[in-house]
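Notes for the one structure printed next.
In what follows, chains are A, B, ... by sequence order, proteins preceding strands, each numbered from 1.
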Amino acid sequence: MCELDETFFQRDAIAVARELIGASLLFQGIGGTIVETEAYRPDDPASHSFSGMSERNKSMFGPAGRAYVYRSYGLHWCFNLVCSSSSAVLIRALEPKVGIDVMQVRRKQSSIRLLCSGPGRLCEALAITREQDGLPLTKIPFVIKHEKKIADVCVGNRIGISKAVHQPWRFGLKDSAFLSKKF
DNA sequence: GAGGCGATTGGCT
DNA sequence: GCCAATCGCCTCG
(Lines give C-alpha, C1' and ligand atoms only; values in the text may rest on other atoms or scores of the structure.)
Protein backbone atom coordinates (compact mmCIF):
# COMPACT_ATOMS: atom_id res chain seq x y z
CA MET A 1 0.00 0.00 0.00
CA CYS A 2 1.18 3.51 -0.74
CA GLU A 3 -0.38 6.80 0.26
CA LEU A 4 -1.40 9.06 -2.62
CA ASP A 5 0.00 12.56 -3.00
CA GLU A 6 -1.28 15.56 -5.00
CA THR A 7 0.55 14.56 -8.19
CA PHE A 8 -1.64 11.47 -8.44
CA PHE A 9 -4.67 13.74 -8.95
CA GLN A 10 -2.93 16.24 -11.26
CA ARG A 11 -3.78 14.10 -14.27
CA ASP A 12 -6.72 13.27 -16.50
CA ALA A 13 -9.75 12.01 -14.57
CA ILE A 14 -10.04 8.91 -16.75
CA ALA A 15 -6.60 7.64 -15.75
CA VAL A 16 -7.24 8.51 -12.11
CA ALA A 17 -10.65 6.83 -12.12
CA ARG A 18 -9.20 3.61 -13.53
CA GLU A 19 -6.26 3.51 -11.11
CA LEU A 20 -8.43 4.18 -8.06
CA ILE A 21 -10.16 0.81 -8.46
CA GLY A 22 -8.83 -1.38 -5.66
CA ALA A 23 -7.52 1.61 -3.68
CA SER A 24 -8.49 2.09 -0.06
CA LEU A 25 -10.48 5.17 1.03
CA LEU A 26 -10.97 6.17 4.66
CA PHE A 27 -12.74 9.23 6.05
CA GLN A 28 -12.30 9.72 9.79
CA GLY A 29 -10.94 6.18 9.94
CA ILE A 30 -14.00 4.63 8.32
CA GLY A 31 -14.31 3.25 4.80
CA GLY A 32 -13.04 0.47 2.56
CA THR A 33 -11.90 -0.49 -0.92
CA ILE A 34 -12.97 1.57 -3.93
CA VAL A 35 -14.79 -0.77 -6.33
CA GLU A 36 -16.59 1.66 -8.68
CA THR A 37 -15.75 5.10 -10.13
CA GLU A 38 -16.78 7.38 -12.97
CA ALA A 39 -14.77 10.10 -14.74
CA TYR A 40 -16.19 13.50 -15.70
CA ARG A 41 -14.22 15.75 -18.05
CA PRO A 42 -14.35 19.52 -18.74
CA ASP A 43 -15.48 19.05 -22.36
CA ASP A 44 -18.15 16.61 -21.23
CA PRO A 45 -21.82 17.73 -21.27
CA ALA A 46 -22.54 15.36 -18.36
CA SER A 47 -19.95 17.09 -16.16
CA HIS A 48 -20.96 19.76 -13.68
CA SER A 49 -18.00 21.84 -14.84
CA PHE A 50 -19.26 21.88 -18.44
CA SER A 51 -21.30 25.08 -18.20
CA GLY A 52 -18.85 27.06 -16.12
CA MET A 53 -18.31 27.83 -12.47
CA SER A 54 -21.18 28.25 -10.02
CA GLU A 55 -21.51 28.34 -6.25
CA ARG A 56 -22.14 24.60 -6.22
CA ASN A 57 -19.28 23.43 -8.45
CA LYS A 58 -16.51 25.92 -7.62
CA SER A 59 -14.41 23.18 -6.01
CA MET A 60 -14.09 21.52 -9.41
CA PHE A 61 -12.28 24.62 -10.67
CA GLY A 62 -9.85 24.66 -7.76
CA PRO A 63 -6.63 22.67 -7.32
CA ALA A 64 -6.53 18.92 -8.01
CA GLY A 65 -6.56 16.59 -5.04
CA ARG A 66 -9.52 18.26 -3.29
CA ALA A 67 -13.01 16.99 -2.62
CA TYR A 68 -16.06 18.13 -4.58
CA VAL A 69 -19.26 17.26 -2.71
CA TYR A 70 -22.67 18.22 -4.05
CA ARG A 71 -26.28 17.46 -3.26
CA SER A 72 -28.03 15.11 -5.64
CA TYR A 73 -31.79 15.14 -6.19
CA GLY A 74 -32.09 17.45 -3.20
CA LEU A 75 -31.54 14.49 -0.85
CA HIS A 76 -28.22 12.71 -1.21
CA TRP A 77 -24.58 13.74 -1.24
CA CYS A 78 -22.14 12.71 -3.96
CA PHE A 79 -18.39 12.58 -3.36
CA ASN A 80 -15.90 13.45 -6.09
CA LEU A 81 -12.12 13.73 -6.29
CA VAL A 82 -11.02 16.78 -8.28
CA CYS A 83 -8.40 16.07 -10.98
CA SER A 84 -6.61 18.20 -13.58
CA SER A 85 -8.38 21.07 -15.40
CA SER A 86 -11.83 20.90 -13.78
CA SER A 87 -12.26 17.19 -14.29
CA ALA A 88 -13.33 14.88 -11.47
CA VAL A 89 -13.86 11.29 -10.41
CA LEU A 90 -17.16 10.30 -8.80
CA ILE A 91 -16.79 7.55 -6.21
CA ARG A 92 -19.79 5.31 -6.80
CA ALA A 93 -19.16 2.32 -4.52
CA LEU A 94 -16.91 0.93 -1.79
CA GLU A 95 -16.44 -2.50 -0.34
CA PRO A 96 -16.84 -1.76 3.39
CA LYS A 97 -13.80 -2.76 5.45
CA VAL A 98 -13.29 -0.48 8.47
CA GLY A 99 -16.00 0.73 10.85
CA ILE A 100 -18.74 -1.48 9.46
CA ASP A 101 -20.73 -1.25 12.71
CA VAL A 102 -20.74 2.56 12.53
CA MET A 103 -21.81 2.48 8.89
CA GLN A 104 -24.66 0.10 9.70
CA VAL A 105 -26.01 2.55 12.27
CA ARG A 106 -25.67 5.58 9.99
CA ARG A 107 -27.35 3.76 7.11
CA LYS A 108 -29.99 1.98 9.26
CA GLN A 109 -29.01 -1.02 7.19
CA SER A 110 -27.53 -4.34 8.33
CA SER A 111 -26.63 -5.76 4.92
CA ILE A 112 -22.95 -5.02 4.31
CA ARG A 113 -23.51 -5.24 0.57
CA LEU A 114 -25.91 -2.27 0.70
CA LEU A 115 -23.83 0.01 2.95
CA CYS A 116 -21.71 1.74 0.28
CA SER A 117 -22.97 0.45 -3.09
CA GLY A 118 -24.02 3.78 -4.61
CA PRO A 119 -22.76 7.37 -4.47
CA GLY A 120 -25.47 8.54 -2.07
CA ARG A 121 -25.18 5.47 0.11
CA LEU A 122 -21.44 5.71 0.63
CA CYS A 123 -21.68 9.38 1.59
CA GLU A 124 -24.28 8.49 4.21
CA ALA A 125 -22.15 5.59 5.49
CA LEU A 126 -19.00 7.74 5.72
CA ALA A 127 -20.87 10.88 6.88
CA ILE A 128 -19.55 12.97 3.99
CA THR A 129 -21.52 16.18 3.39
CA ARG A 130 -21.08 19.65 1.95
CA GLU A 131 -18.85 20.36 4.97
CA GLN A 132 -16.11 18.33 3.28
CA ASP A 133 -16.44 20.21 -0.03
CA GLY A 134 -13.06 21.63 -1.02
CA LEU A 135 -11.01 19.75 1.58
CA PRO A 136 -7.65 18.25 0.52
CA LEU A 137 -7.85 14.50 0.01
CA THR A 138 -4.17 14.00 0.82
CA LYS A 139 -4.59 15.02 4.46
CA ILE A 140 -6.44 13.78 7.54
CA PRO A 141 -9.40 13.16 7.96
CA PHE A 142 -8.97 11.58 4.51
CA VAL A 143 -6.58 8.68 3.88
CA ILE A 144 -6.37 7.27 0.35
CA LYS A 145 -3.90 4.50 -0.44
CA HIS A 146 -3.49 2.33 -3.47
CA GLU A 147 -2.14 -1.16 -4.01
CA LYS A 148 1.08 -1.62 -5.93
CA LYS A 149 -0.45 -4.33 -8.04
CA ILE A 150 -3.03 -3.35 -10.65
CA ALA A 151 -6.60 -4.48 -9.96
CA ASP A 152 -8.73 -6.43 -12.42
CA VAL A 153 -10.81 -3.57 -13.81
CA CYS A 154 -13.90 -3.64 -16.01
CA VAL A 155 -15.10 -0.66 -18.08
CA GLY A 156 -18.55 0.49 -19.13
CA ASN A 157 -20.77 3.46 -19.94
CA ARG A 158 -21.60 5.80 -17.10
CA ILE A 159 -25.00 5.29 -15.51
CA GLY A 160 -27.74 7.51 -14.10
CA ILE A 161 -27.04 10.39 -16.51
CA SER A 162 -28.89 11.72 -19.55
CA LYS A 163 -26.07 13.49 -21.43
CA ALA A 164 -23.00 11.92 -23.08
CA VAL A 165 -24.23 8.47 -22.09
CA HIS A 166 -21.99 6.58 -24.50
CA GLN A 167 -18.63 7.50 -22.99
CA PRO A 168 -16.96 4.39 -21.47
CA TRP A 169 -15.81 6.23 -18.38
CA ARG A 170 -17.23 3.99 -15.66
CA PHE A 171 -14.76 1.66 -13.99
CA GLY A 172 -15.34 -1.24 -11.62
CA LEU A 173 -13.55 -4.02 -9.79
CA LYS A 174 -14.27 -7.17 -11.76
CA ASP A 175 -16.85 -9.48 -10.16
CA SER A 176 -17.16 -7.35 -7.01
CA ALA A 177 -20.36 -7.95 -5.06
CA PHE A 178 -20.32 -4.32 -3.91
CA LEU A 179 -20.95 -2.52 -7.23
CA SER A 180 -23.97 -0.22 -7.39
CA LYS A 181 -24.96 -2.03 -10.59
CA LYS A 182 -23.46 -4.85 -12.64
CA PHE A 183 -21.38 -4.08 -15.72
C1' DG B 1 -39.36 34.99 -10.32
C1' DA B 2 -41.35 30.55 -11.92
C1' DG B 3 -40.83 25.99 -13.77
C1' DG B 4 -38.33 21.88 -14.87
C1' DC B 5 -35.05 18.54 -13.84
C1' DG B 6 -30.93 15.90 -12.06
C1' DA B 7 -23.85 12.01 -11.59
C1' DT B 8 -30.23 8.80 -6.33
C1' DT B 9 -32.52 5.88 -3.18
C1' DG B 10 -36.02 3.13 -0.82
C1' DG B 11 -40.55 1.52 -0.60
C1' DC B 12 -44.53 -0.22 -2.71
C1' DT B 13 -47.10 -2.58 -6.71
C1' DG C 1 -41.01 -1.60 -12.60
C1' DC C 2 -42.90 2.82 -10.86
C1' DC C 3 -42.87 6.71 -8.02
C1' DA C 4 -42.19 10.11 -4.34
C1' DA C 5 -38.91 12.76 -1.61
C1' DT C 6 -36.62 17.42 -1.92
C1' DC C 7 -33.51 21.39 -3.28
C1' DG C 8 -30.13 23.99 -5.91
C1' DC C 9 -29.11 25.20 -10.51
C1' DC C 10 -30.29 26.50 -15.16
C1' DT C 11 -33.31 28.49 -18.55
C1' DC C 12 -36.57 31.50 -19.99
C1' DG C 13 -39.37 35.48 -19.69
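- Taking every nucleotide of DNA chain B with any atom under 4.0 Å from a non-hydrogen atom of chain A, the first and last of them, 5' to 3', are dG6(B) to dG10(B).
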*Determine, step by step, whether R158(A) and L90(A) satisfy the side-chain contact (heavy atoms from CB on, under 4.5 Å) criterion, reporting the C-alpha distance in whole Å, the side-chain angles of both residues, the deciding distance to 0.1 Å, and the verdict.*
CA-CA 10 Å; R158(A) 296 176 294 183; L90(A) 171 70; over 6 Å; no
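- When the P atom of dC10(C) is taken as reference, atom CE of M53(A) falls 12 Å away, rounded to whole Å.
- Distance, D133(A) CG to dG8(C) P: 14 Å, rounded to whole Å.
- Using a distance-only test at 3.5 Å, with no hydrogens or angles considered, no donor-acceptor pair links the side chain of E38(A) to the main chain of R170(A).
- Nucleic acid contact class of N80(A) (heavy atoms, under 4.0 Å, all strands): base.
- At least one donor-acceptor pair closer than 3.5 Å links the side chain of Q132(A) to the backbone N or O of T129(A).
- A residue-by-residue look at S72(A) and R56(A) shows that S72(A) has its nearest nucleotide of DNA chain C further toward the 5' end.
- Atom CG in L75(A) sits roughly 5 Å away from atom C1' in dA5(C) (whole-Å rounding).
- With hydrogens and angles disregarded, a donor-acceptor distance shorter than 3.5 Å links the side chain of N57(A) to the backbone of H48(A).
- Residues W77(A) and R71(A) form a side-chain contact, since some pair of their non-hydrogen atoms from C-beta on lies under 4.5 Å apart.
- Rounded to the nearest Å, the gap between the C1' atom of dG10(B) and that of dG8(C) is 22 Å.
- Looking at heavy-atom distances under 4.0 Å, R158(A) makes no contact with the nucleic acid at all.
- When both pairing distances are held under 3.5 Å, dT6(C) makes no Watson-Crick or G-U pair with any nucleotide shown.
- dA7(B) is unpaired under the Watson-Crick or G-U wobble criterion, no partner having all donor-acceptor distances under 3.5 Å.
- Between N57(A) atom CG and dC10(C) atom P the separation is 7 Å, expressed in whole Å.
- Using a 4.0 Å heavy-atom criterion, one finds that R130(A) contacts no nucleic acid atom at all.
- In the region residues 161-173 of chain A, proximity to DNA chain B at under 4.0 angstrom, judged on heavy atoms, holds for I161(A), S162(A).
- Each of Y70(A), F142(A), F27(A), Y68(A) was compared with F79(A) under the ring-ring contact (aromatic ring centres under 6.0 Å, His included) criterion, and only F142(A) meets it.
- Spacing between dA5(C) and dT13(B) at atom P, rounded to whole Å, works out to 15 Å.
- Between atom CD1 of residue I91(A) and atom SG of residue C116(A) there is a gap of 11.5 Å, rounded to the nearest 0.5 Å.
- Here the side chain of S84(A) pairs a donor or acceptor atom with the backbone of R11(A) at under 3.5 angstrom.
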*Could you walk me through whether S117(A) and R113(A) pass the side-chain hydrogen bond (donor to acceptor under 3.5 Å, both in side chains) check?*
CA-CA 7 Å; S117(A) 58; R113(A) 196 179 63 78; 5.3 Å; no
